[in-house]
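Worksheet: the structure to be examined is printed underneath.
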There are 2 protein chains.
Amino acid sequence: MKNDNAPRVQDIARMANVSTATVSRALSRPDLVSEATRDAVLKAVAEAGYTVNVAARNLRRQRTGSVLALVPNLANPFFSKIIAGINSVLRTRGLTLLVADTEGGPEVHAQMATLAHRSRADGLIVLDGCLPAGILDHPACPPVVQACEWIDGLPGPRVMADNRDGGVLAARHLIDLGHRRIAQLTGPANNPLTIERSRGVREVLAEAGIEGRTDWILEGAFSLSSGQQAAREILAMADRPDAVLCHNDEMACGLMGELQRTGLDVPRDMSVIGFDNIDMAAHVTPGLTTVEQHRTALGVCAAEVLLDLLDGASPPPVTVLPVGLLVRGSTLAR
Amino acid sequence: MKNDNAPRVQDIARMANVSTATVSRALSRPDLVSEATRDAVLKAVAEAGYTVNVAARNLRRQRTGSVLALVPNLANPFFSKIIAGINSVLRTRGLTLLVADTEGGPEVHAQMATLAHRSRADGLIVLDGCLPAGILDHPACPPVVQACEWIDGLPGPRVMADNRDGGVLAARHLIDLGHRRIAQLTGPANNPLTIERSRGVREVLAEAGIEGRTDWILEGAFSLSSGQQAAREILAMADRPDAVLCHNDEMACGLMGELQRTGLDVPRDMSVIGFDNIDMAAHVTPGLTTVEQHRTALGVCAAEVLLDLLDGASPPPVTVLPVGLLVRGSTLAR
DNA sequence: CCGCGAAATGTAATCGGTTGCATAAAGCGT
DNA sequence: ACGCTTTATGCAACCGATTACATTTCGCGG
């Protein structure tokens with residue numbers, strides 16, 4: 001063994017008096033070698049503290065045994081459960097999940113381009129709708145599944161919640177409670193989730209004969225602080241809505257907290273409804289009424305679609321998962 | 001170019017009428033080749049859509065250009081900011097951060113063992129105190145920095161907040177407010193963070209001549225729901241405390257929410273203090289008084305220590321970052 | 001005791017870049 | 001014009017494991 005380095009197959013082969021081929025087989029296909037040989041190899045491995053060089057194996061095998069998830073913002077609790085779902089499925093197949101945060105500008109995208117390569121991962125699950133399509137439909141890029149968000153013009157299967165229907169459920173709930181003065185706190189205007197959710201809301205409002213007041217549509221950033229900011233804007237309005245439909249729970253919580261801090265009572269003075277059903281939603285006071293999407297299931301589904309893809313099967317191009325309304329205390333009949 | 005495959009250096013070399021060595025240099029050390037050659041190579045690269053095979057490069061170079069963070073639970077918002085801090089530093093050095101979730105039993109640890117290999121990452125930042133030391137002091141394992149939590153018996157630098165002092169600050173704050181009936185909601189009993197924090201609390205209580213009531217020390221799991229659970233236990237007590245010192249903000253929020261739902265007023269009926277200052281803490285009602293630790297700074301620091309290690313420098317074996325008390329509305333003078 | 005298929009093992013090519021060393025070409029000072 | 005330093009490029013070994021193919025060994029029926 002070269003002095004400064006970790007042991008290699010060669011070293012193990014010498015120690016066990018076999019060829020490198022046999023060592024390799026003893027480790028990855030134990031059924032192919034005799035018991036005596038296997039024991040000798042394993043003994044040498046243990047003794048030398050050998051572990052395979054993954055780069056060499058990946059190079060030769062032309063696959064990596066791992067899947068990469070590209071997440072727009074790891075700090076967003078929304079994603080964590082999806083990741084957990086993905087992980088649970090991949091583990092059953094012996095695949096390792098790695099996660100990279102895609103936050104940042106073009107210079108980060110360049111980094112992502114080197115990540116999105118067959119020699120890095122066997123498959124990609126992309127949760128970020130803002131990546132340039134170019135790096136993902138490159139021939140060197142492994143199979144891609146898009147989850148939650150999606151990238152226009154990028155082929156390949158998608159898995160997502162029924163965002164439009166979520167908008168419908170939320171809006172209808174408020175209307176059923178007698179609200180007609182409904183504000184919206186959306187995500188970034190160009191975000192596909194927000195576009196879909198808005199569509200559902202708009203449909204229901206129109207159906208109910210409620211005029212869409214554009215001054216009651218606020219644009220947020222899916223963050224607690226943008227919810228807080230929105231609350232301030234609403235409080236400053238001469239003509240206030242009496243319900244706010246938020247496009248995610250974080251904004252709803254931020255908004256609700258700020259309303260309360262200013263002395264308003266939620267839901268008596270204002271109903272608030274969120275979207276996603278993150279853990280926090282059940283624990284704030286009052287409990288946040290929200291549109292539940294099963295994030296773990298979404299991750300599971302995305303992973304299964306990816307596995308299909310890797311197996312050469314043809315998964316459905318689009319999978320839409322149902323959402324449901326979860327009524328807690330933050331909404332009240334007018 | 002072989003038909004089914006991505007182009008290789010060979011192909012680019014042929015297209016640009018140079019050797020593979022020149023192609024490689026044109027891409028990674030552009031200053032070493034003439035402008036004409038460089039242009040020819042880049043043109044061929046663009047035309048063929050070439051991207052390097054990372055496995056091959058890593059194998060030859062004996063490094064990967066990436067750092068791996070092992071996180072016990074990605075779903076915990078506590079970690080996300082640390083990750084962000086790490087990322088910001090690594091980017092400036094052209095390193096890519098990958099994250100893996102270490103959640104799970106021994107079978108997952110086996111997976112982690114193959115991740116913790118020089119051929120996978122140039123360095124490791126371990127945020128999980130529960131990994132077996134064996135896989136991290138293996139000779140094939142790249143340099144390791146432990147952050148937040150740490151593993152007994154594992155050498156290598158550590159970066160952490162001053163948890164003991166955090167316990168001191170929190171306890172002293174409650175005592176200064178006149179509380180003497182102080183309960184604690186800790187993390188898992190064997191968790192090093194909890195051990196340190198408890199130590200600080202114990203010191204202050206002893207100093208103030210307050211007996212430590214073990215029936216007022218509840219063990220949680222750092223989660224919202226374990227905070228909720230603890231609230232129920234406290235409410236069921238015949239002899240209730242009038243302040244609860246929680247070992248993290250999530251539990252504090254879970255606890256506070258449940259107390260409020262049962263009709264108690266925080267902070268009038270009970271003061272609640274947390275630890276960490278996660279985003280949510282500022283947005284719940286009332287705002288959560290907490291011990292602030294600068295998670296981004298912690299990540300930054302851990303990354304810098306790792307870079308030192310990679311550069312062959314000898315960073316300090318232990319870095320302790322100061323914490324501070326952040327008083328909001330959830331604590332009140334008795 | 002021969003022959004043949006199965007089981008076990010070895011040999012060596014291969015994955016795809018990178019880089020030390022050698023060589024060639026160009027610049028330069030005197 | 002000559003040696004000498006730079007600069008530019010090519011050649012080929014190398015990183016470490018895997019695996020197709022070849023070879024040996026073994027068991028066993030005839």
Side-chain angles (χ1 to χ4, degrees), chain A residues 1-41 44-45 48-65 114 117-120 122 139-140, chain B residues 1-42 44-45 48-65 114 117-120 122 139-140 142:
Chain A
M1 172 186 345
K2 291 187 300 181
N3 250 339
D4 54 335
N5 278 348
R8 302 158 306 166
V9 265
Q10 288 244 10
D11 305 308
I12 304 304
R14 198 175 320 118
M15 291 171 66
N17 265 311
V18 294
S19 71
T20 62
T22 302
V23 172
S24 179
R25 282 189 283 250
L27 292 175
S28 52
R29 308 268 325 259
D31 52 306
L32 287 184
V33 304
S34 74
E35 201 182 320
T37 317
R38 195 186 325 148
D39 291 347
V41 170
V45 165
Y50 170 81
T51 54
V52 325
N53 181 310
V54 193
R57 165 185 287 179
N58 290 352
L59 173 58
R60 172 63 220 230
R61 283 203 176 151
Q62 303 282 69
R63 53 198 178 72
T64 65
T114 79
H117 193 282
R118 302 195 106 81
S119 52
R120 277 272 201 189
D122 298 340
Chain B
M1 174 182 352
K2 291 186 301 182
N3 250 338
D4 53 338
N5 279 348
R8 302 157 305 165
V9 263
Q10 288 245 10
D11 306 309
I12 305 304
R14 196 174 323 119
M15 290 170 68
N17 266 314
V18 293
S19 71
T20 61
T22 302
V23 173
S24 179
R25 282 189 283 252
L27 293 175
S28 52
R29 309 267 325 259
D31 52 306
L32 287 184
V33 303
S34 73
E35 199 180 322
T37 318
R38 195 185 326 146
D39 291 348
V41 169
L42 292 181
V45 164
Y50 171 81
T51 54
V52 320
N53 181 312
V54 193
R57 164 184 289 180
N58 290 351
L59 174 58
R60 173 65 220 226
R61 282 200 176 154
Q62 302 282 71
R63 50 198 180 74
T64 64
T114 78
H117 193 285
R118 304 195 106 80
S119 52
R120 278 273 201 190
D122 298 340

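Order of the sequence lines sets the chain letters (A, B, ...), proteins ahead of strands, with each chain counted from 1.
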Given protein heavy atoms under 4.0 Å, the one-letter contact record of nucleotides 4-10 of chain D, with B base, S sugar-phosphate only and - none, is simply ----SBB

Less than 4.5 Å apart, side chain to side chain, heavy atoms only: is that true for [X] and [Y]?
X: Arg8(B); Y: Asn53(B); value: no
X: Val41(A); Y: Val33(A); value: no
X: Ser28(A); Y: Arg61(A); value: yes
X: Arg60(A); Y: Ser24(A); value: no

Closest approach to the side chain of Arg61(A), judged atom by atom: which nucleotide of dA17(D), dT19(D), dG16(C) is it?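 Selected nucleotide (nearest to the side chain): dT19(D).
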
What nucleotide, of dC15(C), dG17(C), dA17(D), holds the atom closest to the side chain of Arg57(B)?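 Side chain of Arg57(B) sits closest to dG17(C).
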
Write down the distance between [atom1] ([X]) and [atom2] ([N]), rounded to a whole number of angstrom.
X: Arg8(B); N: dG16(C); atom1: CZ; atom2: P; answer: 6 Å
X: Asn58(B); N: dC15(C); atom1: CG; atom2: P; answer: 18 Å
X: Gln10(B); N: dT14(C); atom1: CD; atom2: P; answer: 12 Å
X: Arg14(A); N: dG10(C); atom1: CZ; atom2: C1'; answer: 16 Å
X: Arg120(A); N: dG17(C); atom1: CZ; atom2: P; answer: 14 Å
X: Arg63(B); N: dC15(D); atom1: CZ; atom2: P; answer: 16 Å
X: Ile12(A); N: dG16(D); atom1: CD1; atom2: P; answer: 13 Å
X: Arg118(B); N: dG16(D); atom1: CZ; atom2: C1'; answer: 15 Å

Check: Pro139(A) main-chain N/O paired with Arg118(A) side-chain donor or acceptor under 3.5 Å: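 Flag set: sc Arg118(A) to bb Pro139(A) pair under 3.5 Å.
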
Ignoring hydrogens and angles, tell me if any N or O in the side chain of His117(A) forms a donor-acceptor pair with the backbone of Val54(B) under 3.5 Å.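 Not confirmed, His117(A) side chain does not pair with Val54(B) backbone.
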
Pair Thr64(A)-Asn58(A), side chain to side chain donor-acceptor pair (under 3.5 Å): steps then yes or no: CA-CA 5 Å; Thr64(A) 65; Asn58(A) 290 352; 5.3 Å; no

Would you kindly compare Gln62(A) and Arg29(B) by the position of their nearest DNA chain C nucleotide and give the one closer to the 5′ end?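 With Gln62(A) and Arg29(B) compared, the 5'-side residue is Gln62(A).
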
side-chain N/O Tyr50(B) vs dG17(C) OP1/OP2, d < 4.0 Å: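 The answer is yes; a side-chain N or O of Tyr50(B) sits under 4.0 Å from OP1 or OP2.
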
Taking OP1 and OP2 of dT14(C), is either one under 4.0 Å from a side-chain nitrogen or oxygen of Arg60(A)?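 Negative; the distance criterion is not met.
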
